[in-house]
Amino acid sequence: MNIGQLIRRGETCWEIPPTAAMRVPAVIYADEGLIRAMDPKVYEQITNVATLPGIVEAAYAMPDAHWGYGFPIGGVAAFDPDQGGVISAGGVGFDISCGVRTLHTGLTMDRLESDPHRLADELYRAIPAGVGSRGKIHLNPHEMTAMLTGGARWAIDRGFGEAADLERIEERGCMAGADPAQVSARARERQREEMGTLGSGNHYLEVQRVVEIYHRPVAEKFGLRTDGIVITIHCGSRGLGHQIGTEFLKEMAMAAAQYKIALPDRELACAPIRSPLGRRYLGAMRAAINCALANRQILTHLTQKAVDTVFPGVRLELLYDVSHNTCKVEHYTVNGRKKELYIHRKGATRAYGPGHPDLPEAFREVGQPVLIGGSMGTSSYVLCGTEKGANRAFSSACHGAGRAMSRHQAAKQWRGRELVDELARQGIIIRSPSLRGIAEEAPLAYKDAGAVVGAADKAGLAHKIARLEPVICIKG
DNA sequence: ATGTGC
């Protein structure tokens, strides 16, 4: 991105003042290196987002931002229904409620390092991964509706995991306001055999070692200590979320004229929050959030069983579960007035600061754990929400490393087998059904997660707490 | 992201 187009507001804050149809400025949080390397399409896309009706404060891009469908991935935008604010399926993303959960194992590296391959084999056997992967849990129509309403709570009621986990999931495991009636037969059919599956692309299950602590008191609160072993699951709402996204994008594109919304880009298709279509999408999207929460809960159960085989008696405990593709109703003070806003986070993680009433007791004092996945074979990070983050980007932070090149480009440049061998030399075990998928996920096809997280920290979006390194990676 | 692509 051309740095000359931006006004520098601070070391990690860049502004594009409103011009032409923009209703608000656009703001990018990143350091100079990340800005220079950032896809120029992010500039185009956030300035387009800034033209949408009812947008509040600014259109934001996180340090890992890259080109996406309509909205950039790594984008945040808040809309006020009182000002004609809109909801956009492209502002949430195709993989609705894609997210990350990290589980404590209570193990330390010395117990794992003697034979990590055994755990890798058990996990790879237990976790269905890859394009079109299917699970053993098949939902009948009644159970499908119950799942779409109940989320992780439904999963726990069916015996997948522990009730104590619920406190450690956004929305306490169950997204209110889901409307399963808005989830089409086709979306349900696609999901029928996909509960408890990882999917493909950048989705993974990783066994990780805590290697660095940046802030000991908060790390203690989060239960993280050097050489501790955690397991992180990154996945979303599979075929169901994708189908909902596809259907509503189409419907919103067709309805734009009816709602008299001028779109600088067709891909920004949206509907007023207070319209029948807007309400229907919200109901369907919330059902998809429950699908993702239930999916990660079932995967946790499968992970527990695999861990049990290798380490009998070890009980996984959830640190936290965050989503990074959502639209949520949240309250913020704007120009001195308390407002109810619809916060779109697409490839952006909610990052509530200390004292937020929606946080579980365990974290209320320190702030929300913000789980940031790295690219395959590289570090992941745990951050913590900040109080001032509420005035930066509506309590949002980055979501990962962010792609630096396209899948196609990456597949041309690397060979899956060579990457697996190279990572093995670094002591990282990769298990995947797809060597092409591995090539597409080559570490160098992504930005440096350390730089992204460093910029998020400097910008005050969230503070660095710990760094994790992969030991075993089950890749979709 | 995705029964990968109109």
Side-chain angles (χ1 to χ4, degrees), chain A residues 39 45 64-75 88-100 128-135 138-139 144 183-205 233-250 253-254 266-267 269 284-285 288-289 291-293 295-296 299 322-327 344-349 373 375-376 398-412 416 432-441 445-446 474-476:
Chain A
D39 187 341
Q45 291 194 316
D64 52 340
H66 56 109
W67 174 86
Y69 187 94
F71 288 59
I73 296 163
S88 169
V92 171
F94 280 94
D95 189 5
I96 297 167
S97 197
C98 181
V100 178
V131 179
S133 47
R134 290 173 180 190
H138 303 168
L139 300 189
M144 178 67 70
V183 178
S184 70
R186 198 167 177 194
R188 289 159 185 262
E189 174 54 30
R190 285 182 67 172
Q191 195 60 25
R192 209 172 67 82
E193 298 183 354
E194 287 193 343
M195 293 310 294
T197 66
L198 201 55
S200 63
N202 71 350
H203 289 170
Y204 59 80
L205 180 148
I233 298 169
H234 176 211
C235 70
S237 51
R238 305 288 286 110
L240 183 136
H242 187 265
Q243 187 63 31
I244 290 171
T246 306
E247 289 168 11
F248 277 93
L249 271 167
K250 200 170 159 192
M254 292 192 301
R266 263 184 70 84
E267 294 185 358
M285 181 208 61
I289 290 178
C291 177
L293 298 179
N295 192 33
R296 289 197 285 274
L299 284 165
V322 297
S323 296
H324 49 232
N325 279 1
T326 58
C327 176
H344 291 64
R345 295 190 182 91
K346 180 186 189 180
T349 311
S375 53
M376 182 179 62
C398 51
H399 84 304
R403 286 204 83 89
M405 77 172 65
S406 72
R407 295 189 172 282
H408 186 74
Q409 215 177 333
K412 276 198 303 188
S432 173
S434 165
L435 282 172
R436 185 195 158 91
I438 300 269
E440 290 179 351
E441 292 294 315
Y446 281 82
I474 311 297
K475 194 82 184 150

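Just so it is clear: chains get the letters A, B, ... in the order the sequence lines come, proteins before strands, and each one is counted from 1.
- Aromatic ring orientation, F71(A) versus H344(A): parallel (interplanar angle below 30°, classes split at 30° and 60°).
- Judged purely by distance below 3.5 Å, without hydrogens or angles, the side chains of R238(A) and S133(A) pair a donor atom with an acceptor atom.
- Nucleotide dT2(B) holds its C1' atom 14 Å from the CG atom of N295(A), rounded to whole Å.
- The nearest whole Å value for the distance from the NE2 atom in H408(A) to the P atom in dG5(B) is 15 Å.
- L249(A) has its CG atom 13 Å from the C1' atom of dT2(B), to the nearest Å.
- Relative ring orientation between H399(A) and H66(A) is described as parallel, the plane-to-plane angle staying below 30° on a 0-90° scale split at 30° and 60°.
- Taking atom CZ of residue R238(A) and atom P of nucleotide dT4(B), one finds them 11 Å apart after rounding to whole Å.
- Between R407(A) and the phosphate of dT4(B), there is no side-chain N or O to OP1/OP2 separation shorter than 4.0 Å.
- Within the nucleic acid shown, E193(A) has no heavy atom closer than 4.0 Å to any nucleic acid atom.
- The side chain of S200(A) contributes an N or O atom lying less than 4.0 Å from OP1 or OP2 of dT2(B).
- Residue contacts shown for G236(A) are absent, as no nucleic acid heavy atom lies under 4.0 Å away.
- R192(A) comes within 4.0 angstrom of nothing in the nucleic acid, heavy atoms only.
- Counting heavy atoms from C-beta on, the side chains of S323(A) and R296(A) come closer than 4.5 Å.
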